[in-house]
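Just so we're on the same page: letters track the sequence lines, and every chain starts at 1. Nothing here was measured: the structure is a model prediction, and the numbers come from that model.
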2 protein chains.
Amino acid sequence: MEKLSKELIGASTIPIILSILSKNESYGYEIIQSVKEISDGKIEYGDGTLYPVLHKLERKELIESYWKIGESGKKRKYYKLSPNGKKELISEKENWAIINQIISKLWKIEPNLT
Amino acid sequence: MEKLSKELIGASTIPIILSILSKNESYGYEIIQSVKEISDGKIEYGDGTLYPVLHKLERKELIESYWKIGESGKKRKYYKLSPNGKKELISEKENWAIINQIISKLWKIEPNLT
DNA sequence: TTTTTATACATCGAACTTCTATGTATATTT
DNA sequence: AAATATACATAGAAGTTCGATGTATAAAAA
């Protein structure tokens with residue numbers, strides 16, 4: 001079982017995070033676990049990777065945060081999708097559909113690879 | 001008609017270039033036109049964007065180049081896929097399939113976006 | 001009891017990318 | 001003769017991911 005390329009990770013990070021937050025409010029550490037689980041271990045964000053992305057998304061006002069003490073007793077920074085974030089997610093889905101169309105068009109006419 | 005996001009452009013550039021070269025040998029300027037056409041104008045590489053990518057792919061020995069004077073009389077640097085490049089393209093296709101699976105899993109269970 | 005592991009967040013610097021701008025040069029069209 | 005299209009190249013700015021490092025607390029293990 002292989003890991004994904006850095007480029008694809010990069011392209012998918014924001015839509016994946018927004019998508020997760022569109023279902024449930026969550027916090028950094030949990031998001032890392034969720035993505036790992038959903039992707040069967042194929043995407044494992046380092047914390048040093050994810051936190052700056054969350055900060056960026058908050059700066060761009062696509063997500064909002066608030067502190068909360070979890071059942072564990074440790075403080076967590078919860079994030080939720082903002083109205084702008086919902087719009088952004090819709091746009092990301094459209095983009096994804098477009099690129100898939102382009103790529104599948106290219107790959108449908110099979111070259112001689114074998 | 002909108003343009004694609006920078007991130008998706010980034011993730012798709014290499015698979016698209018390799019895919020085009022797997023069908024026909026081509027040169028930088030023509031590749032830019034091809035991609036523009038295939039994508040209905042949604043992907044327009046600047047020359048300052050594409051050429052460094054081609055150089056990188058050549059450095060990594062995924063493509064090979066040779067100079068040729070075209071019918072136009074201008075010299076062109078033609079590129080073709082190397083054996084490594086063919087393998088890489090296969091790998092890129094697999095990666096793309098994996099990420100699509102992950103994303104569609106996330107998006108199948110529809111959140112309340114509307 | 002003490003140590004380790006898991007949880008939880010943050011930031012820095014290295015390495016790499018894309019993009020815009022700029023430069024060179026030739027052929028074709030106006 | 002000038003403008004446009006063709007064709008390639010590189011440098012610098014801006015942005016990104018990632019590994020390393022740091023802080024702190026709770027739970028589990030030794």
Report the distance from atom [atom1] of [X] to atom [atom2] of [N], rounded to the nearest whole Å.
| X | N | atom1 | atom2 | result |
| --- | --- | --- | --- | --- |
| I31(A) | dC9(C) | CD1 | C1' | 12 Å |
| K77(B) | dA25(C) | NZ | C1' | 15 Å |
| R76(A) | dT25(D) | CZ | C1' | 12 Å |
| L8(B) | dC19(C) | CG | C1' | 17 Å |
| L50(B) | dA7(D) | CG | C1' | 12 Å |
| E30(B) | dT6(D) | CD | P | 11 Å |
| Y27(B) | dT26(C) | OH | P | 18 Å |
| E7(B) | dT16(D) | CD | C1' | 9 Å |

Looking across every strand, which nucleic acid part, if any, lies under 4.0 Å from [X] by heavy atom: base, sugar-phosphate, or nothing?
| X | value |
| --- | --- |
| G28(B) | sugar-phosphate |
| Y45(A) | nothing |
| T49(B) | base |

**Interatomic spacing from NZ in K42(B) to CG in N95(A) - rounded to 0.5 Å** =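 If we round to the nearest 0.5 Å, K42(B):NZ and N95(A):CG are 10.5 Å apart.
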**Item:** Step-by-step side-chain contact (heavy atoms from CB on, under 4.5 Å) determination, W96(B) to E92(B)
**Value:** CA-CA 6 Å; W96(B) 207 267; E92(B) 297 274 358; 5.8 Å; no
**Heavy-atom donor-acceptor pair, T13(A) side chain to I9(A) backbone, under 3.5 Å** = yes
**Request:** Specify the residues of residues 54-69 of chain A, ordered by number, for which at least one heavy atom lies under 4.0 angstrom from an atom of DNA chain D.
**Result:** K56(A)
**Message:** Here's a test of your reading of the structure: between Q33(B) and I9(A), which maps to the more 5' nucleotide of DNA chain D?
**Reply:**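 In this pair, the answer is Q33(B).
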**Message:** Here's a test of your reading of the structure: between D47(B) and S72(A), which maps to the more 5' nucleotide of DNA chain D?
**Reply:** D47(B)
**I43(B) and its side-chain contact (heavy atoms from CB on, under 4.5 Å) partner, picked from I38(B), I16(B), L8(B)** =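 Among I38(B), I16(B), L8(B), the one that satisfies the side-chain contact (heavy atoms from CB on, under 4.5 Å) with I43(B) is I16(B).
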**Asked** Nearest of dT18(C), dT17(D), dT11(C) to any side-chain atom of K6(A)?
**Response** dT17(D)
**Asked** For the side chain of K74(A), counting heavy atoms from C-beta on, which of dT18(C), dA10(C), dA26(D) is nearest?
**Response**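 So the side chain of K74(A) is nearest to dA26(D).
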**Message:** Is it the case that over 12 heavy atoms from other parts of the model lie below 6.0 angstrom from the CD atom of E94(A)?
**Reply:**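 Buried by this count: over 12 neighbours within 6.0 Å.
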**Asked** Below 4.5 Å, heavy atoms only, C-beta onward: do I17(B) and L50(B) meet side chain to side chain?
**Response**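 SC-SC contact between I17(B) and L50(B) confirmed.
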Please list every donor-acceptor pair under 3.5 Å in which a side-chain atom of residues 61-70 of chain A meets a protein atom from a residue at least two apart or in another chain.
| from | atom 1 | to | atom 2 | distance (Å) |
| --- | --- | --- | --- | --- |
| S65(A) | OG | E58(A) | OE2 | 2.5 |
| Y66(A) | OH | E25(A) | OE1 | 2.1 |

**Request:** Considering just the side-chain nitrogens and oxygens of Y51(A), establish if one lies under 4.0 Å of OP1 or OP2 belonging to dA8(C).
**Result:**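 Negative; the distance criterion is not met.
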